Novice: 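The structure that follows is given in the form of structure tokens.
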Amino acid sequence: MSDSEINKGVARQAGEDLAGQFPGLDELIEKTIRRELGKRRLGPVRSERAFLTPDTFVNWFRNLTTKLKGIYSAAVAVPGLLTVGGLMIKAIQSPLGGVNQLTKERFLLSILFLQSFVVFVLFWMIPSRRAVIEEAIGELGNQSEAPHGKEWDTFQAEKYVRANAISVKFLRMWKLAWLAWAALYFAWGGVVLAGYLSGKSLTPPGQGQIGWMGIWSPLTGFFNNLSSVFLLMCYRELAFPTDANEDDQGLLLTVLVMIISIVGVVEFISITSAPLYPVGKVTGWVTGFTAGAVIALLTGRLDSKLINPPTAITVMLYLYAAIQGSVVIFQEDLELMIAVTSAAFLFKVILFLLIAWLSGSGVLTFYLAELNVIYEKAFSKRKIFAREVLRKEQATWSMRPE
């Protein structure tokens, strides 16, 4: 036997003696070694002190602002100050300033095209999938024991693989929703620009008349309804994490697009036919409140304790859902359109940040996988409990005197 083998045997025996005298010492040593190896893999820049674990939105946002602090200042603070300064200059100018006067139409036009540009840029920033999440699932699945002791008894890798596939489908629908929003803002801006250049009245010029924006409302309404369809598909992926059938998704999406297309045709006919104009109004109100209901459904899913977003963000997203019904009267009030579209754009950015955290940190995959685990037994447990309550209630009634 060589000296190295003898030394290894002595070291192993010494370790066993210490473990016998001090229970739990071997686990402490193993955890310390794993932690040190993890620090070496991350390197000195990505240490625990430099970046927080992005398991919450607050930690993720702190990491984001740390990385993009300079870009944030250049992209938000500087243009914001310039915009406020420009508005102040316009405000103190004489109303007789001629072509230099800042009108509601010009202000609305600037906002719509700016929002269209930002939404389209954010659209390209949405990832389709993340390889690091797949690698993390594989690494945790290869471990024979629980990766973190009592905190995680068993890691069901197959459920996480399936959940990650569903998260990719979710992000696909989420990306299409942003593309529809970009088209919506661009269509609004195009309609306002065409009406402004041709001298058309954007709002109704008189009682019983239709303004330029009202004439083109079926087009803008179609893109708004299209974004609601994609958000509804996002909700479907969160609400039914056990269903990953691609054929069912494509069929449902096709049916919904056909429905909103028919609604668009009905609204267009109502614009060209005076007797049918009230029908277009009704469909406009219905689709507006339907869009709000879809956003509320999605917000309710995102408010799960498995995700646990900040309460302030949840409140703002419900406010976003509440203002959807006012879209039908945009064509009659430019001030209302400026205020509501600006608020809706802010809420969209907040929703974008929330989804970016979910997809980037792996919390979305975690949510879908653990929800699937809960679904496996929760419904059968509920049935057993309700059956027992019914049995007790029947027994109570049978014991009562006639």
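Residue numbers start at 1 and run along the sequence shown. Just so it is clear, the structure is predicted and the values come from calculations on it, not from any experiment.
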Novice: Return the minimal non-hydrogen interatomic distance between Ser270 and Glu267, and the atom names on each side.
Specialist: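 Result for this residue pair: OG-O, 2.6 Å.
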Novice: Report the C-alpha separation of Leu179 and Phe230 in whole Å, then their side-chain angles, then the decisive distance to 0.1 Å, and conclude whether the side chain to side chain contact (heavy atoms under 4.5 Å, CB included) test is met.
Specialist: CA-CA 10 Å; Leu179 187 60; Phe230 294 133; over 6 Å; no
Novice: What are the two closest non-hydrogen atoms of Asp333 and Thr203, and how far apart are they?
Specialist: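 In this case the closest contact between Asp333 and Thr203 is N-CG2, 4.1 Å.
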Novice: Heavy-atom distance under 4.5 Å between the side chains of Asn164 and Ser167, does that happen here?
Specialist: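 Yes, their side chains come closer than 4.5 Å.
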Novice: Are Lys169 and Met173 packed together at the side-chain level, in the sense that at least one heavy-atom pair is separated by less than 4.5 angstrom?
Specialist: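 Side chain of Lys169 against side chain of Met173, heavy atoms only: no contact under 4.5 Å found.
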Novice: Using 30° and 60° as the class boundaries, would you call the ring planes of Phe170 and Trp174 parallel, tilted or perpendicular?
Specialist: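 Ring orientation of Phe170 relative to Trp174: parallel.
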Novice: Walk me through it: do Phe113 and Val192 pass the test side chain to side chain contact (heavy atoms under 4.5 Å, CB included)?
Specialist: CA-CA 10 Å; Phe113 279 124; Val192 173; over 6 Å; no
Novice: With a sphere of 6.0 Å drawn around CH2 of Trp212, does it hold more than 12 non-hydrogen atoms of other residues, nucleotides or ligands?
Specialist: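 It does: Trp212 CH2 has more than 12 such atoms within range.
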Novice: Side chain to side chain donor-acceptor pair (under 3.5 Å): which pairs involve residues 304-317, sequence neighbours left out?
Specialist: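 Output for this query lists Asp303-Thr314.
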Novice: To the nearest 0.5 Å, tell me how far Ile126 CD1 sits from Leu176 CG.
Specialist: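 Reported value, rounded in 0.5 Å steps: 9.0 Å.
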Novice: Side chain to side chain contact (heavy atoms under 4.5 Å, CB included), that's the test. Do Met213 and Thr220 meet it? Break it down for me.
Specialist: CA-CA 9 Å; Met213 292 187 62; Thr220 56; over 6 Å; no
Novice: Over all heavy atoms of both residues, which pair between Gly195 and Ser198 is shortest? Give the atoms and the distance, please.
Specialist: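 Smallest heavy-atom distance, with atoms named: O-OG, 3.3 Å.
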Novice: Donor-acceptor check, side chain of Ser110 to backbone of Arg106, threshold 3.5 angstrom: yes or no?
Specialist: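 Judged by distance alone, yes, a pair lies under 3.5 Å.
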Novice: Could you state the interatomic distance from CD1 (Ile260) to CZ (Phe223), rounded to the nearest 0.5 Å?
Specialist: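 The CD1 atom of Ile260 sits 9.5 Å away from the CZ atom of Phe223.
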Novice: Might you work through the side chain to side chain contact (heavy atoms under 4.5 Å, CB included) test for Ile295 and Leu231, ending with a clear yes or no?
Specialist: CA-CA 7 Å; Ile295 295 175; Leu231 290 180; 4.0 Å; yes
Novice: Do Glu134 and Tyr160 have a side chain donor and acceptor closer than 3.5 Å?
Specialist: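 Side-chain D/A pair, Glu134 to Tyr160: absent.
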Novice: Heavy atoms, side chains only, cut-off 4.5 Å: are Glu237 and Leu368 in contact?
Specialist: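 They are not in contact (no side-chain heavy atoms under 4.5 Å apart), so the answer is no.
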Novice: Does Trp357 reach the side chain of Leu364, with side-chain heavy atoms less than 4.5 Å apart?
Specialist: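 Sidechains of Leu364 and Trp357: no contact.
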Novice: Starting at CZ of Phe352, measure out to CZ of Phe123 and round the result to the nearest 0.5 Å.
Specialist: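 Rounded to the nearest 0.5 Å, the CZ-CZ separation comes out at 11.0 Å.
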Novice: Please examine the side chains of Ile374 and Leu306, heavy atoms only from C-beta on, and report whether any two atoms are closer than 4.5 Å.
Specialist: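 Yes; the side chains approach each other to less than 4.5 Å.
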Novice: Quick one, Phe222 and Leu184 - any side-chain contact, counting heavy atoms below 4.5 Å?
Specialist: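 Heavy-atom side-chain distance check fails, nothing below 4.5 Å.
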Novice: Can you tell me how far CZ of Phe268 sits from CH2 of Trp216, rounded to the nearest 0.5 angstrom?
Specialist: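 With rounding to 0.5 Å, CH2 (Trp216) is 8.5 Å from CZ (Phe268).
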Novice: For the aromatic rings, using the six-membered ring if either is Trp, is the centroid distance between Tyr375 and Phe379 under 6.0 Å?
Specialist: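 Yes.
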Novice: Could you tell me whether the side chain of Asn225 and the main chain of Gly221 form a donor-acceptor pair under 3.5 Å?
Specialist: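 Side chain of Asn225 to backbone of Gly221: a pair is present.
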Novice: Does atom NZ (Lys175) have a neighbourhood of more than 12 heavy atoms from anything else shown, all under 6.0 Å?
Specialist: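 Yes, because the 6.0 Å sphere around NZ of Lys175 holds more than 12 heavy atoms from other groups.
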Novice: Going by side chain to side chain contact (heavy atoms under 4.5 Å, CB included), name the residues that satisfy it together with Ile111, two or more places apart in sequence or in a different chain.
Specialist: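 Side chain to side chain contact (heavy atoms under 4.5 Å, CB included) check on Ile111 returns Phe107, Gln115, Ile338, Ser342.
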Novice: Could you check whether any side-chain heavy atom of Thr290 comes within less than 4.5 Å of a side-chain heavy atom of Ser228, counting everything from C-beta outward?
Specialist: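 Side-chain contact under 4.5 Å: no.
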Novice: If a pair satisfies salt bridge (Lys or Arg N to Asp or Glu O under 4.0 Å) and one of its residues is in residues 343-352, list it, with sequence neighbours excluded.
Specialist: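 Pairs touching residues 343-352 that pass the test: none.
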Novice: Any non-hydrogen side-chain atom of Leu197 less than 4.5 Å from a side-chain atom of Leu193?
Specialist: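 Leu197 reaches Leu193 side chain to side chain.
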Novice: Would you please name every residue forming a side chain to side chain contact (heavy atoms under 4.5 Å, CB included) with Leu302, sequence neighbours left out?
Specialist: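 Here the qualifying residues are Leu238, Leu298, Ile307, Leu351, Leu354, Ile355, Leu358.
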Novice: Using the ring of each side chain (for Trp, its six-membered ring), is Phe289 parallel, tilted or perpendicular to Trp285, with breaks at 30° and 60°?
Specialist: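 Answer is parallel, since the angle falls under 30°.
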Novice: Could you pull out the closest heavy-atom pair between Ser227 and Ala177, with the gap in Å?
Specialist: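 Minimum heavy-atom separation between Ser227 and Ala177: CB-O, 4.1 Å.
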Novice: Quick one: side chain to side chain contact (heavy atoms under 4.5 Å, CB included) partners of Val118, sequence neighbours excluded?
Specialist: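 Val118 satisfies side chain to side chain contact (heavy atoms under 4.5 Å, CB included) with Leu114, Leu122, Phe345 once adjacent residues are dropped.
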Novice: Of all heavy-atom pairs between Gly288 and Gln324, which one has the smallest distance, and what is that distance?
Specialist: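 Minimum heavy-atom separation between Gly288 and Gln324: O-CB, 3.3 Å.
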Novice: Which heavy atom of Ala182 sits nearest to which heavy atom of Ser116, and what is that distance?
Specialist: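 Scanning both residues completely, I find the closest heavy atoms to be O-OG, 3.3 Å.
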Novice: What distance separates Ile133 CD1 from Ser361 OG, expressed to the nearest 0.5 Å?
Specialist: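 Between atom CD1 of Ile133 and atom OG of Ser361 there are 7.5 Å.
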Novice: Side chain to side chain contact (heavy atoms under 4.5 Å, CB included) with Ala296: which residues, sequence neighbours excluded?
Specialist: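 Ala296 satisfies side chain to side chain contact (heavy atoms under 4.5 Å, CB included) with Tyr318, Ala321 once adjacent residues are dropped.
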Novice: Using 0.5 Å steps for rounding, measure from the CG atom of Leu253 to the CE atom of Met233.
Specialist: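 That separation rounds to 5.0 Å.
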